[in-house]
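For the numbers below, each heavy atom of this structure counts, side chains included, while hydrogens, waters and symmetry mates do not. Treat the numbers as computed from the prediction; the structure is a model and nothing was measured.
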Amino acid sequence: MTDPCIICVAITGSVPTKAANPAVPITITEQVESTQEAFEAGASIAHCHVRNDDETPTSDPDKFARLGEGLRKHCPGMIIQYSTGGRSGAGHERGGMLPLRPDMASLTVGSNNFPTRVYENSPDLVDWLAAEMLKHDVKPEIEAFDLSHVFQAVKMAEDGRLKGPLYVQFVMGVKNAMPVDKEVFDFYVKTLNRLAPDAQWCGAGIAQNQIVLNDWCIAAGGHVRTGLEDNVRLDRNTLAPSNSALVKRAVELCEKHERPVASWQQARDILQLPLAA
C-alpha cells in the first residue's frame, strides 16, 4: 500500500494534567514547542485545545489565536485544527474560535455517553457549529463516537450543511461509548465507504488502545491520531516523554505496513485544503 498516511497529533486535550504526565503541555509556549517537535517527527495535523493557567479547559478565542499564531510561525504548513468539544465550554461558546478560520475544527454531530456524563450535542448546536464552519471556510473533522454519527454526517453533507468530501474520525475506547472491537471497526470503515465513497477517515484509540487503533488504521488504508490528549503512556509502566514520541511510534507502524507518512503538503492535498499562506 503506497497511499500516504496522515498523522494527527492531539497535543493536550481537556483532561490530562501534569500530575498524570509532566510532559502534558499546558501553556501556549509549551504547546507550540511540543507541537513543533511532533511536526518535525511526522505529524501534519495539530488537534488543539487550550487551557487556563490552572490546567482547566477553556474555549477562550484569545488563547486559540495566540496558539494559532505560534503554530503558524514554528510549524509552517501544518494543518491547524481547533476543538469545539463540550468539555471546554457550553453552547455557542464552543464555536467562539471559528472566526479565527483555522484549517479545520472538530465536530461531533450527535450525543453519546462519556465515562461519567452525557456528551451532549443537540441538533440545534450541531447545526449552528456546522453553519459557522461553512461561513468561515473551516473543514470539519467529524468525531464519530457512535454509528448514528456516521449516518448523520453523511446526511448533513448531502443536504449542504457540511461541505464535502467528509473527513471522519472513529473514536474508540471511551468508556460507555464505541468499544475497541476489530469487527466493529471494519464495519464502520465499510459503512462509511458505502455511504460516502469520497470520504477520508482516521481513527483515535483511547489510552492503551491508541497503538491498537494506529495499527488497524494504517493497515486498512486510513489515517491516524496520536498524542497526549488520548494517551499519556508508551506502555503500562512507561510514561510517554513527549507528543513526538507517540508520533514516532505511529511513524514506525507506517514503516511496518510499508506506507509513507504524509507530508503537510500531501495532507492538504488529500483533505482538499489550500496550501498555507
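Between Glu30 and Arg51 no salt bridge is recorded (no basic side-chain N to carboxylate O distance below 4.0 Å). Checked for salt-bridge contact, Lys155 and Asp159 miss the test: no charged N lies under 4.0 Å from a carboxylate O. Checked for salt-bridge contact, Asp103 and Lys139 miss the test: no charged N lies under 4.0 Å from a carboxylate O.
Rounded to the nearest 0.5 angstrom, Ile6 CD1 and Leu271 CG are separated by 4.0 Å. The distance from the OH atom of Tyr167 to the CD atom of Glu141 is 5.5 Å, given to the nearest 0.5 Å. The distance from the CZ atom of Phe64 to the SG atom of Cys48 is 7.5 Å, given to the nearest 0.5 Å. Here the straight-line distance linking atom CG of Asp186 with atom NZ of Lys182 works out to 3.5 Å at 0.5 Å rounding. Going from atom CG of Asp124 over to atom CG of Leu129 covers 11.0 Å, rounded to the nearest 0.5 Å. Here OH of Tyr188 is found 14.5 Å from CG of Asn193. Values are rounded to the nearest 0.5 Å.
Using a 4.5 Å cut-off on side-chain heavy atoms (C-beta onward), Lys63 and Asn52 make contact. Looking at heavy atoms from C-beta onward, Ser122 lies out of side-chain contact with Trp128 at the 4.5 angstrom threshold. You'll find the side chain of Thr226 reaches within 4.5 Å of the side chain of Ile7, heavy atoms only. Using a 4.5 Å heavy-atom cutoff, the side chains of Asn113 and Val118 are in contact. The shortest side-chain heavy-atom distance between Arg249 and Gln210 falls under the 4.5 Å cut-off. The side-chain heavy atoms of Arg233 and Thr238, taken from C-beta on, include no pair separated by under 4.5 Å. Using a 4.5 Å cut-off on side-chain heavy atoms (C-beta onward), Pro165 and Gln272 make contact. Using a 4.5 Å heavy-atom cutoff, the side chains of Glu143 and His47 are in contact.
One N or O on the side chain of Asn176 and one on the backbone of Pro115 form a donor-acceptor pair closer than 3.5 Å. Here the side chain of Asn243 pairs no donor or acceptor atom with the backbone of Ser34 at under 3.5 angstrom. His223 places no side-chain N or O within 3.5 Å of a backbone atom of Cys202 that could act as its donor or acceptor partner. Side-chain atoms of Thr12 come within 3.5 Å of backbone N or O of Pro25 as a donor-acceptor pair. When atom types are taken as modelled, the side chain of Arg225 and the backbone of Gly205 share no donor-acceptor pair closer than 3.5 angstrom. Formation of a donor-acceptor pair under 3.5 Å by the Thr58 side chain with backbone atoms of Asp60 is found in this model. Of the possible donor and acceptor atoms, one in the side chain of Glu55 sits under 3.5 Å from a partner among the backbone N and O of Lys18. Looking only at distances, a side-chain donor or acceptor of Asn21 sits under 3.5 Å from a matching main-chain atom of Val232. Without hydrogens or angle criteria, Thr84 side chain to Ser106 main chain gives a donor-acceptor distance under 3.5 Å. Between the His149 side chain and the Phe145 main chain, a donor and an acceptor come within less than 3.5 Å of each other.
Residues Leu162 and Phe170 share a single hydrophobic cluster, defined by chaining ILVMFWY side chains whose heavy atoms lie under 4.5 Å apart. The hydrophobic cluster containing Val138 also contains Val50, counting ILVMFWY residues as joined when their side-chain heavy atoms lie under 4.5 angstrom apart, directly or transitively. Residues Ile80 and Leu67 are members of one and the same hydrophobic cluster, defined by side-chain heavy-atom contacts under 4.5 angstrom among Ile, Leu, Val, Met, Phe, Trp and Tyr. Val189 and Leu192 fall within the same hydrophobic cluster, defined by Ile, Leu, Val, Met, Phe, Trp and Tyr side-chain heavy atoms under 4.5 Å apart, directly or through other members. Placement of Met78 and Ile45 in two distinct hydrophobic clusters is found when ILVMFWY residues are connected by side-chain heavy-atom separations under 4.5 Å, directly or transitively.
Residues Leu125 and Gly91 approach most closely at CD1-O, 3.7 Å, considering heavy atoms. For the residue pair Cys217 and Val224, the shortest heavy atom distance occurs at CB-CG1, 3.8 Å. Of all the heavy atoms in Gly77 and Trp264, the pair that sits closest is O-CE3, 3.3 Å. The shortest heavy-atom contact between Ala240 and Leu228 is CB-CD2, 4.0 Å. Taking both residues in full, the closest heavy atoms of Ala196 and Val154 are given as CB-CG2, 4.2 Å, listed atom of the first, atom of the second, then distance. Of all heavy-atom pairs spanning Leu275 and Arg268, the tightest one is CA-CD, 3.9 Å.
Within a 6.0 Å sphere centred on CD of Glu69, heavy atoms belonging to other residues, nucleotides or ligands number 12 at most. Few gaps surround CD on Gln265; more than 12 heavy atoms of other groups in view lie less than 6.0 Å from it. Heavy-atom contacts from other residues, nucleotides or ligands closer than 6.0 Å to NZ of Lys190 number 12 or fewer.
Residues Ser148 and Asp146 have side chains that bring a donor and an acceptor to within less than 3.5 angstrom of each other. Ser14 and His49 share a side-chain donor-acceptor pair at under 3.5 Å. With 3.5 Å as the limit, one finds a donor-acceptor pair spanning the side chains of Ser244 and Ser242. Checked by atom type, the side-chain pair Thr56/Asp54 shows a donor-acceptor distance below 3.5 Å.
Taking the side-chain contact (heavy atoms from CB on, under 4.5 Å) definition, one finds that Leu253 meets it with Ile211, Asn214, Asp215, Ile218, Lys256, sequence neighbours left out.
Aromatic ring centres of Phe185 and Trp201: separated by under 6.0 Å.
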Practice prompt. Just do the side chain to side chain contact (heavy atoms under 4.5 Å, CB included) check on Val212 and Val180 with the steps written out, would you?
Written response: CA-CA 9 Å; Val212 175; Val180 177; 4.2 Å; yes

Discussion item. Would Leu166 and Met156 count as a side chain to side chain contact (heavy atoms under 4.5 Å, CB included) here? Give the steps.
Written reply: CA-CA 10 Å; Leu166 290 171; Met156 291 177 70; over 6 Å; no

Discussion item. Evaluate Leu98 against Leu100 for side chain to side chain contact (heavy atoms under 4.5 Å, CB included), listing each step before the verdict.
Written reply: CA-CA 5 Å; Leu98 294 174; Leu100 296 171; over 6 Å; no

Item to complete: Report the C-alpha separation of Asp62 and Arg66 in whole Å, then their side-chain angles, then the decisive distance to 0.1 Å, and conclude whether the salt bridge (charged side-chain N to carboxylate O under 4.0 Å, His left out) test is met.
Response: CA-CA 6 Å; Asp62 290 337; Arg66 289 195 290 117; over 6 Å; no

Worksheet item: What do the steps show when you test Val184 against Leu147 for side chain to side chain contact (heavy atoms under 4.5 Å, CB included), and what is the final call?
Response: CA-CA 10 Å; Val184 171; Leu147 180 61; over 6 Å; no

